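Down below is the structure, laid out as structure tokens.
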Amino acid sequence: MAAMVYTVPMSDDEYITVVSGLPRSGTSLMMNMLEKGGLVPLTDHLRKPDEDNPRGYYEFERVKKLPDDTGWLPEAKGKVVKILAELVKYLPPGYRYRMVFMMRNIDEIIASQRKMMERRGEGPDDSSDEEMAALLRRYLKMLKQEVNSREDTEVCYISYNDLMTDPDPCMDELLEFFDGKLDRTRMREAIDARLYRNRA
Amino acid sequence: MTEERKHTTVSIPLPLYRNIKQRIKGTGFTSVSDYVTYVLREVLASLEEEEKEEVFSAEEEEKVKERLRALGYLD
């Protein structure tokens, strides 16, 4: 057998690490894991922990201003920032992105979103859960195509369901993605099955 | 700032490797790795183009955005 070697010279400080996915797909958990693993999160702590996210949201408000506000991106180099999947397409060229994209059973996402909306006092929208699930499946497919087609982005897809039920293979994948530079033991500690509350 | 090299190794059958090595002679490719990387990128791009045929309408996208706003994830 012959070996092909593809080399990319790159320092960790040059990457902007991004955690993305749909809301309620485990992005805050992944932020928590990567922080424990040794990455510095870029967050403003404005959105406080609550019943839906007891360990915090790890959000950075300026992210919501994409694509108009990109001035914070240099600050994100060498750190990890949570970016809603919808906004990933607005990440400007000129940087290298390393992305962990969270996947989760769509029915669980819908159930979790429904509860969160109720707690926020939001009325039900026009779509049934079935319609929204079908919509989100197609939406997710479109987002993944966009992410996969970016030459400036390396992506690792992680299933929240697998992470909560059989974490070790996911941990292997993450460690490989980050060149083994994260603290596996501490990352593993962030996974709390008690927080897996909406199961399909 | 230290610069590191990141390697990913993929194994291919030796006859295929030899075949490619012969094929790239006289082309602009300087190594089998370069050629294989080019071919794989072309294949993936082609697959992604095929998948793009399914169009997500502006109305559907707005429905999703409404949901994201209701959840507080989008202004």
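Please read all numbers here as calculations on a predicted model, not as lab measurements. Throughout, protein chains are lettered first and strands after them, A, B, ... in sequence-line order, and every chain is numbered starting at 1.
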* Asked: Is it the case that one hydrophobic cluster holds both A/W72 and A/V40, taking links as side-chain heavy atoms less than 4.5 Å apart, direct or via other members?
  -> no
* Within a strict 4.5 Å, meaning less than it, do heavy atoms of the A/L87 and B/L74 side chains meet? -> yes
* Structure fact -> Checked A/L22, A/N148, A/V63 vs chain B; the most non-hydrogen pairs under 4.5 Å come from A/N148
* Asked: A/M132, A/R47, A/M116: which one forms the most heavy-atom pairs within less than 4.5 Å of chain B?
  -> A/R47
* In terms of heavy-atom proximity below 4.5 Å to chain A, should B/L68 be classed as side chain, backbone, both, or neither? -> side chain
* Can you tell me if NZ on A/K65 sees more than 12 non-hydrogen neighbours from other groups inside 6.0 Å? -> no
* Asked: Should the heavy atoms of other residues, nucleotides or ligands under 6.0 Å from CZ of B/R23 be counted, would the total exceed 12?
  -> no
* Part of B/E66 lying under 4.5 Å from any heavy atom of chain A -> neither
* To do: Report the residues that fulfil salt bridge (Lys or Arg N to Asp or Glu O under 4.0 Å) with A/E61, sequence neighbours left out, ordered by chain and then residue number.
  => A/K64
* Heavy-atom proximity to chain B below 4.5 Å, by part of A/L84 -> side chain
* Asked: chain B heavy atoms under 4.5 Å from A/K144: which part of the residue, side chain, backbone, both or neither?
  -> neither
* Asked: Does the side chain of B/Y73 reach to within under 4.5 Å of the side chain of A/R24, using non-hydrogen atoms?
  -> yes
* CG on A/L136 to CZ on B/R67, rounded to 0.5 Å -> 7.0 Å
* Structure fact -> Contacts of B/E62 meeting side-chain hydrogen bond (donor to acceptor under 3.5 Å, both in side chains) (sequence neighbours excluded), chain-then-number -> B/R69
* Can you get from A/L143 to A/Y157 by hopping between Ile, Leu, Val, Met, Phe, Trp and Tyr side chains that sit under 4.5 Å apart? -> yes
* Structure fact -> In terms of heavy-atom pairs under 4.5 Å with chain A, the winner among B/E61, B/K65, B/E60 is B/E60
* Note: A/E131-B/K63 ion pair, threshold 4.0 Å (strictly below) -> no
* Is there a path from A/L46 to A/F60 through hydrophobic residues (I, L, V, M, F, W, Y) whose side chains come within less than 4.5 Å of each other? -> no
* Write down the atom of A/M117, the atom of B/L71, and the distance for their closest heavy-atom approach. => CG-CD2, 3.5 Å
* chain B heavy atoms under 4.5 Å from A/E86: which part of the residue, side chain, backbone, both or neither? -> side chain
